[in-house]
Number of protein chains: 2
Amino acid sequence: MKMTMKDIAKEANVSTATVSHVINGTKHISEEKQNKIMEVIRKYNYIPNSTAKNLRKQSTKTAGLIVSSFPDSFVTGMVYGAEKRAREMGYNLLLINTNENSSYEKETINLLHAQMVDGIILAPTSSGASYLNSFTDDNFPIVLVNRDDPSVKNVPKVTGDNYQTGFDATTHLLKHGYKKIGIIYAVANVSTTVNRIEGYKDALKKYHVPFDDSFIEQGHATVEGGAEAVKSLLNREKDISALFILNDLMTIGAISKIKELSLRIPKDIALMGFGDFASANIIDPPVTNIVLPPETIGKTAFDVLLSKINNPEYNKHIELPPTLITRKSCGC
Amino acid sequence: MKMTMKDIAKEANVSTATVSHVINGTKHISEEKQNKIMEVIRKYNYIPNSTAKNLRKQSTKTAGLIVSSFPDSFVTGMVYGAEKRAREMGYNLLLINTNENSSYEKETINLLHAQMVDGIILAPTSSGASYLNSFTDDNFPIVLVNRDDPSVKNVPKVTGDNYQTGFDATTHLLKHGYKKIGIIYAVANVSTTVNRIEGYKDALKKYHVPFDDSFIEQGHATVEGGAEAVKSLLNREKDISALFILNDLMTIGAISKIKELSLRIPKDIALMGFGDFASANIIDPPVTNIVLPPETIGKTAFDVLLSKINNPEYNKHIELPPTLITRKSCGC
DNA sequence: GTGAAAGCGCTAACAC
DNA sequence: GTGTTAGCGCTTTCAC
């Protein structure tokens, strides 16, 4: 049978107030009653009903984590970091995957806003998140993660430094002498993609290499998508000598296609991937990647959410730097 | 300002009951009042407080998904399948990762049991889950996923057929003529490992190959762990001619180590991996894997949870069959 | 130190 | 067709 605090109180011959106080340590209760109450609690294995507690306290100690592309290895890492941190801090995490579906995203936020959650960590879809302003204006704690959206005001953000990522990756390729550098990306109109391309452009500019937007190709964020993107890009631009690929699955697909085309890496075409997938080192040749720390981003996002919950004025933008892991595919 | 149903009722000159009925469609309300109410609701962008609703209805429309090793690609796939299905069915998912920590698992289940969740999908740790019986006896809906634990009664289960996985993988290697087949695994005392090894033994028996338990090696479920396990196994058993590796990251580590040892795959040592990782096809040689469908397992687990919620007597064990993806590493 | 009781925001039985 | 109201299980103010 399901026990309530009332039942416990009755059996211990005290009031519910007293029971509540010993459970939460909110007031000093005589040792005698305390012992008696704990005994009854243990006897029935009683656990207070969180729903009732939540209603009363207007807080659920759970946060929403809304991502838009799962399972992508980067996103998975973020989820891991956030979940771990949440747990450490006594929170639970509601995981929602919107699959880049913006109207589902809105719906979800509305739902979670209705008290199910103390705050939300959101990796927005590509459709823009300015509708969030009605929530943030209301001081509902939201933090933007991974993807930035400048149109949302009054939110803290945790992202990787995608501009620097694009800049460093491109510079590295440029230093190896490659000038015709293609880019393959998956999701348009998100800061991760846009900023990396900005960095790419600026690196080209610095090296006086003209920018050509037909060197940029979009594809699906899958192995097959990467293969197809390479094919269509190389078909159009035959003298591309290096590739910067913004997604790990696509990198794998790209390598597959390049080998199929009997092109040699890096001799005929050099390769720079994004995100450090496990097999990067045993592929022939080992693939050079530029990485952003997904787990740290997730963990930090949760910390930032907590800051925002405790201080509505907290609106920092934390940007984590990239790391270049050089192996052979870039010509190193 | 935060609106309540009472506020809406007052502004629309009706009772809260009427508001509730138009929101939930639980009774027929005159079109006139209905319109008025909807208008007020929209005006304030009102959303009913779920906590209050949950308390009243004794149901939260959220389920707990407790996994013990995240982010492992198999687990990630399961999470994806379950989350997707939950969403389709109007449920939310609370994701918890116990990191193989059994006492944290217990704690979590206690917590979630206290009304935060309508049921739980659990991939138990290796420490045994018989303590669950106190919950399942109470008809709290729990489904075991991925890892089976026969000591838990009155639960439905969704797993891969791990016995068949071990049997088929081993048989395939045997048919290629390999007799000295090593096994590398990560987690001891879980059905996934134990049953695959059972299948391995039975396959050996069928081919009249003696079983030798020093052919079995444990390691960490990481790239490095796989490398080390291969090293120590090959050090001990020099005439091993094939390897069955139960975890994808370990497979990658193993390949790395084998190449480092200047051994050729499959000539010197054949390889059978588990789980179809993206790069399997572009590694040299492409690696043969036996796979169980993580996404289907996750999706099915959620369906089964729903069945269990609706029918406390539902206790089926659904076992999904493996698929062999033959490439080159096995000698094919 | 302890208890009575109000009230969090909703649903649903019941009355009209 | 609509309103009144009890009550879900807890926390917390206020008396004592």
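Naming: A, B, ... by sequence-line order, numbering from 1 per chain.
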Check: Between Asn35(B) (side chain) and Glu32(B) (backbone), is there a donor-acceptor pair under 3.5 Å?
Finding: no
Notebook entry, point to check: Quick one: does Asn54(B)'s side chain have a donor or acceptor within less than 3.5 Å of a partner on Thr51(A)'s backbone?
Noted result: no
Next item on the list: Taking the side chain as every heavy atom from C-beta outward, state whether Pro312(A) and Tyr314(A) have any pair of such atoms under 4.5 Å apart.
Entry: no
Margin query: Can you confirm whether Thr159(B) sits close enough to Arg147(B) that some side-chain heavy atom of one is under 4.5 Å from a side-chain heavy atom of the other?
Written below: no
Note to self: Treating primed atoms plus P, OP1 and OP2 as sugar-phosphate and everything else as base, which nucleotides of nucleotides 9-16 of chain D get B, S or - for protein heavy atoms under 4.0 Å?
What the structure shows: BBBBBB--
Notebook entry, point to check: Parallel under 30°, tilted from 30 to 60°, perpendicular over 60°: which one fits the rings of Tyr80(B) and Phe70(A)?
Noted result: tilted
Next item on the list: Return the orientation label for the His113(A) and Phe140(A) ring planes: parallel under 30°, perpendicular over 60°, tilted otherwise.
Entry: perpendicular
Notebook entry, point to check: Cation over ring, Arg87(A) on Phe302(A), under 6.0 Å and within 45°?
Noted result: no
Next item on the list: Establish, for the pair Arg85(B) and Tyr91(B), whether the NZ or CZ atom is under 6.0 angstrom from the six-membered ring centre and no further than 45 degrees off its axis.
Entry: no
Note to self: So Asn13(B), base contact, sugar-phosphate only, or nothing? Heavy-atom distance under 4.0 Å.
What the structure shows: sugar-phosphate
Checklist line | Nucleotide range of DNA chain C lying under 4.0 Å from chain A heavy atoms | finding: dG1(C) to dG9(C)
